[in-house]
Amino acid sequence: MRAALVIAARDLRGRLRDRSALVTAFAAPIGLAVILSTALGSADDVSVTLAFADADGGQVGQAVAQALAGAAEDGVVTVVEAADAEAVRAAVDAEEAGAGLVVPAGASGAISAGQPATVQLMRTAGGLSGDIAEAVVRGVAAQFERVRQVVEVGVRSGAVTPADAGELVPLALDADPAVRVVDEPVRGSLPNAASYFGPAMAVFFVFFVVGAGPQSLLRQRKEGTLARLAAAPIPRASILVGTALSVFALALVSIATLWLVMSLGFGATWGHPAGVVVLAVAITLAAAAITTLVATLARTEEQVTGWTSVIVFTLALLGGSFGTLPPALEPLSLATPNGLALRGLVDLAAGGGLDVVLVPLAGVAAFTVVALAVALPRADRLVAP
Amino acid sequence: MAERSATVATGGTAEAGAAPLVSCDGLRKSFGDRVAVDGISFRIAPGEAYGLLGPNGAGKTTTISMLCGLLKPDAGDATVAGHSMTAEARAAKAAIGYVPQDVALYPDLSARENLAFFGRLYGLRGSALSARVDAALEIVGLADRADDRVSTYSGGMKRRVNIAAGLLHQPRLVVLDEPTVGVDPQSRNAILESVAALSGEGVAILYTSHYMEEVERLCDRVGIVDAGRMVAEGTRRELVAQLGEHDRIDLAIDGDARAVASAVRGLGGVDEALAADQQVTLLVSGGRGLLAEIIVAATATGAAVTSVDVVEPDLEAVFLHLTGKTLRD
């Protein structure tokens with residue numbers, strides 16, 4: 001074991017010296033976290049800016065302003081007040097706002113006169129901001145439709161005279177909606193997208209980190225240092241174990257980096273730390289076994305690099321590292337070690353207890369055992385000079 | 001072609017009567033259908049410098065790889081310091097300082113860091129490790145550049161660190177596989193002096209080369225290897241004695257060297273005539289008396305003889321005599 005530790009220390013020192021360890025353990029995980037959280041973040045991370053001008057000053061203008069304020073409270077919308085329609089148009093043209101809403105003068109008067117009111121929407125084609133602004137207006141329109149129906153029923157039934165109908169409007173506007181949507185947490189629901197992509201990236205990236213181990217052995221063979229190691233009075237297995245220990249440590253550091261960055265920078269929740277650590281160790285071992293198996297089947301460093309990349313990306317795709325698979329394909333996800341580990345990590349992030357890691361852990365362990373059973377009898381090829 | 005004769009002697013000269021430090025018995029190794037080493041046996045006494053001489057591809061490196069435990073022999077075994085490489089590999093390896101043919105160092109580490117790493121693999125630690133690293137650097141004359149990264153070294157300096165890495169644990173046997181290939185003359189000389197100094201300190205040396213001069217300079221005994229077989233073995237004197245009254249004559253030719261070789265091969269007293277580039281190497285039993293006849297035959301082909309060199313019998317001539325080839329074939 002001492003020889004393996006000496007070899008691991010040398011390997012780590014070499015990786016620190018050529019900066020590859022810093023890239024692997026810190027720069028790449030942080031870069032991945034930032035890029036994927038930006039590119040793949042879901043709607044709950046979306047925030048758009050809307051310009052708004054109320055030239056009406058009546059009930060319609062107030063209703064739109066209230067709806068926008070509600071969206072702003074949810075963090076979906078940032079509202080920029082503008083003086084008039086021209087100012088709204090200028091803000092949208094200057095891309096200071098993604099879209100603009102203008103309630104023209106007389107909108108409330110039109111409603112009172114039984115005429116349809118108009119709200120102007122200014123947006124660029126296909127923009128998400130415009131869709132959100134339109135949804136806000138449609139919500140307000142639905143409110144006024146309800147008011148119109150209340151007034152109509154009141155007047156037709158004779159309970160309200162047409163002259164008094166205007167007094168019903170604020171009451172109807174303030175009334176609770178007939179149907180209320182309540183956001184109910186369920187098992188498996190995550191607080192945000194970062195809580196999915198954090199573990200997904202960790203599980204994906206660990207394969208690349210660990211895959212550097214067999215590549216390192218092949219490079220040392222090419223450079224001749226493997227021959228010197230093989231000539232030393234140490235067990236051959238210690239060369240393999242030492243190299244594995246080195247990349248194993250790097251993989252765990254890279255997972256810890258992702259854990260930290262995604263938690264502090266992007267609000268990801270990871271769940272029970274012990275469960276995360278156990279799954280992280282398990283998937284790192286599985287990655288080591290699989291990449292070692294690949295390396296024992298390949299003949300050159302270039303083959304190892306190419307084959308490892310293909311296998312890692314295929315596993316990542318199937319395992320859900322780039323997003324969840326359609327329901328019909330979900331069983332495929334659980335047929336991969338990374339998919340199983342990700343399932344466990346996501347369940348932990350969703351608030352599951354340690355029991356949620358048991359099945360994924362058993363599955364990942366089974367993959368590891370099978371891969372090692374095939375790889376180890378061939379591992380002598382890797383450390384042969 | 002005359003029938004080849006081989007004298008295979010065993011036992012060293014350094015410590016007459018002592019048990020051999022190294023015994024290689026019937027080593028054999030094939031790669032697919034190609035037999036790389038075909039039953040090579042030799043002994044090295046404690047403190048003896050032994051040279052394996054042969055052209056590229058003769059099987060020297062494969063032999064060394066089996067002796068150092070890098071390759072498993074198909075047949076035969078090597079014993080070092082009383083330990084079988086097959087049965088007690090770790091004990092046998094501990095007695096060997098292996099210097100591979102290619103520079104086997106980590107370029108991102110300094111010479112000192114490289115040596116410390118390899119020293120630890122041989123069980124050295126603490127102050128003993130530091131002392132041995134310093135001593136090894138001193139032996140190869142690189143103490144002043146010890147903390148520079150190996151990637152900044154010249155090829156010759158890398159070779160010297162490569163040798164130092166094999167000396168760290170004070171092995172009883174140092175195995176050097178073509179350590180001067182591709183090295184500038186100054187570094188080559190430094191390497192040869194280091195090896196000679198080691199030999200002087202009683203360390204047994206196994207030195208492979210296809211440079212006859214190096215083996216003649218450094219080694220007490222020489223094994224001549226060709227096509228995976230040991231064709232002769234002995235001290236330089238013993239090997240040269242096999243030539244009898246033969247001389248080697250080198251002709252520098254301006255013209256068709258092959259035609260010259262063909263022409264002089266038919267002369268009485270010329271046992272071998274080999275053409276390489278613009279040179280023809282002859283092995284003659286008639287001595288200098290044949291010179292005039294040889295030059296006449298050569299010029300008759302239309303070529304000009306630009307120089308003639310009559311060489312005292314040496315290992316190159318022995319190799320030519322035994323194999324019909326030159327060492328650089």
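We name chains A, B, ... by the order of the sequence lines, and we start the count at 1 in each one. None of the values given here were measured: they were computed from a predicted structure.
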**Message:** Less than 3.5 Å apart, any donor N or O on the side chain of Y106(B) or Q220(A) sitting next to an acceptor on the other?
**Reply:** yes
**Asked** To the nearest 0.5 Å, how far apart are CZ in R90(B) and CZ in R236(A)?
**Response** 12.5 Å
**Message:** Determine whether a donor-acceptor pair (N or O, by modelled atom type, separation under 3.5 Å) exists between the side chain of R228(A) and the backbone of L105(B).
**Reply:** no
**Which atoms of V175(B) approach chain A - backbone, side chain, both or neither, heavy atom under 4.5 Å** = neither
**Asked** Between A232(A) and Y122(B), what is the shortest heavy-atom contact and its length?
**Response** CA-OH, 3.5 Å
**Message:** With a 6.0 Å cut-off (strictly less than), is the heavy-atom count around CD of E302(A), excluding the residue itself, greater than 12?
**Reply:** yes
**Prompt:** A94(B) versus chain A, heavy atoms under 4.5 Å apart: side chain, backbone, both or neither?
**Reply:** both
**Fill in**
Against chain B, residues from residues 7-17 of chain A with at least one heavy atom under 4.5 Å, in numeric order, are I7(A), R10(A), R13(A), G14(A), R17(A)
**Asked** Between L109(B) and chain A, which part of the residue has a heavy atom less than 4.5 Å away: side chain, backbone, both or neither?
**Response** both
**Request:** Could you list which of residues 112-121 of chain B have a heavy atom closer than 4.5 Å to any heavy atom of chain A, in residue-number order?
**Result:** E113(B), F117(B), F118(B), R120(B), L121(B)
**Item:** Crowding at CZ, R19(A) (>12 non-hydrogen neighbours, <6.0 Å)
**Value:** no
